[in-house]
Amino acid sequence: MSQSSNNNSQWMDVVADKARHAQQPVDERLWQRIETQLPSTHPRRPAWLWWSAAAAAAILVLAIITRPAKTDKVGGEVTAEMIPVTTASPITQAANVTAPLPSQGARAQSPLTSQGRGRGGVETHTGGGVETATPPGGTHVTTPLASVSEKEQTETTLATANPPSTTQQQGDPLYSIHNYQPAENDSQFSIGNSQFKGDDAQFSISLYGSGNLLAQNSNHAVQRPVLMAMGNGRFMEAQASTRYHYKHRIPLNVGIMLGKSLPHNLTVGIGVNYARYSSEVSADLERFDQTVQFIGIPVALQWHFWHYRRLSAYVGAEAMAERCIAVDRGDEQVDVPRRIQWSVHGMAGLQLAITDHLGLFVEPKVSHYATRFTLPTARNEHPLTFNLKMGANINF
Amino acid sequence: MMAENDIVEGCKHGRREAQRALYDHYAPGLMATAMRYMGSRDNAQDVLQEALIKAFQSIERFAWQGNGSLHAWLDRIVINTAVSMLRKSLPQTAILSLDELPDNFIEPDSAEVSQIDAHIILEMVASLPAGYRTIFNLYCIDGFSHRDIARQLGISEGTSSSQLSRARAILARKVQDYLKHHAQ
């Protein structure tokens, strides 16, 4: 035995060597826990696919909600479309045949035939004195059902009238379009006869999403000593800088804007924008995700300069004030920058009217971020970024 | 047994059998590393689990440099993970009064120490107080400098040096006690 010193002595080398090469049994369940957290070997669908599907579903729902009725009106007259019996959809025909028979004397309309009334005027009547007449130029079909008594036969009347020339006044008892009350301001009838109603709308709400299609990579050095791994399992200190490599994912922007129409085809809008910048960060041994989130208030001015049928084109400018709301950077604690981030944007867009209340737009956009902070994100790589913005307009 | 290079390539392609081979081959050694840092088996398993998941996720960036480099890389991830976890609790546990310990202590004989089983040594290291244990592991076993320890743990180099002296004193006493009770 000897007196100690500050340097490693022989006994310490023995302890270190034994400790370094020691082994410990591992619980078998540990692998099971690790395995559940490992990514599946099956390739994952890219995130944009899910976003696209969600956007498509949202647009479909909006289109259905704002879809016009199928009965058209011109100048307060009812115009029924010509649908010959022989071309009626199998669903409609099947519905007529298989619809439950109401009691004698009652009159029933199945949901399907009711829905189809506007388009084809299809109605189902039971017998018992209900008379239907064949309209001029139309077809009247009576379908007796073998399983019912002679008085309980079902008649399927397909009231088809010749278009505009054979329009009928509302309330004519000879026609199977009953109780129709034409509304003077019924906006459903503007489609096809006029321009997109959104052109005349006072207000609009835009729901949009946009992304920078050019994901960038970058390297940033951080002055921090790292320990270099050596082949024999020991480590030697090396004075070097940790170089972080950033692989920026496509930034996500979603938002909502409220717009108001102004004279001279101008529209001014204000909204709320959420931006999410995600990057994969890697150093020599570390790898983590960085996510920076912003909430912003955009103010925009647009000029619709061109209209053709359902299409319109516009140019515009936008200014936005944003504030960072969250920074997630692996295990590192990063202070959320408090400065307001200012940016200006210029855009040119094309809008397609799907219905009189719903339009879709696509908008290439160039953005300049005036104030930036040091945390590398996709927006920081270049002063100018190009984005593609897509969304839906709801006009009212 | 898969070759180390095959394990690396298999893991880079996400093959489950390669990941399992890595686990089977290296987990016991990594578990010992985690044990001597964390002190308890439960905490060590948590560290090992997190470290191996990190390793599998970032193995695409690992450049194989011959046999032993994979183990060194994995060992470093375990150490980083353990230190990161300890850093959160160290301020509360690092400062322990050991004034009763003399600065100079009797060192054990290296020949006698070499007779002690590795798992006994590991238990002795693991039983050190958390702050001393961390510095002892970083400096004496894993080759870190006091400057780097100070940076990693947010302490001064002087604190790192003094705590190491006390860690060695405690360990020396444990070794001597063991040898005294197990002397043949």
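Note on naming: letters A, B, ... go to the chains in the order of the sequence lines (proteins, then strands), and numbering restarts at 1 for each one. Predicted model, so just to flag it, every value in this text is computed and none were measured.
A salt bridge is absent between B/R20 and A/E35; no separation between the charged side-chain nitrogens and carboxylate oxygens falls under 4.0 Å. Ion pair A/E318/A/K365 flagged as a salt bridge, since at least one NZ, NE, NH1 or NH2 atom sits closer than 4.0 Å to an Asp/Glu carboxylate oxygen.
Chain A forms more heavy-atom pairs under 4.5 Å with one residue of B/T33, B/I116, B/V125 than with any other, namely B/I116. Chosen from B/G66, B/P28, B/A32, B/G29, the residue pairing most often with chain A at heavy-atom distances under 4.5 Å is B/P28. For the options B/L52, B/D24, B/I53, B/L70, heavy-atom pairs under 4.5 Å to chain A are most numerous at B/I53. Of the listed residues B/L74, B/I121, B/N137, the one with more heavy-atom pairs under 4.5 angstrom with chain A than any other is B/I121.
Looking at B/A111, there are no atoms closer than 4.5 Å to chain A (heavy atoms on both sides), in backbone or side chain. Looking at B/S114, the atoms closer than 4.5 Å to chain A (heavy atoms on both sides) sit in the backbone and in the side chain alike. Heavy atoms of A/D27 lying under 4.5 Å from chain B belong to its backbone as well as its side chain. Of the two parts of B/I120, neither the backbone nor the side chain holds a non-hydrogen atom closer than 4.5 Å to a non-hydrogen atom of chain A.
Considering A/S206, A/P364, A/S210 as possible partners of A/K389, the one that fulfils the side-chain contact (heavy atoms from CB on, under 4.5 Å) test is A/S210.
Taking the six-membered ring where the residue is Trp, the centroids of B/Y139 and B/H146 are separated by under 6.0 Å.
Looking only at side-chain heavy atoms (C-beta outward), B/F56 and B/L22 come within less than 4.5 Å of each other.
Using cut-offs of 30° and 60° for the angle between ring planes, the B/Y26 and B/H71 rings count as parallel.
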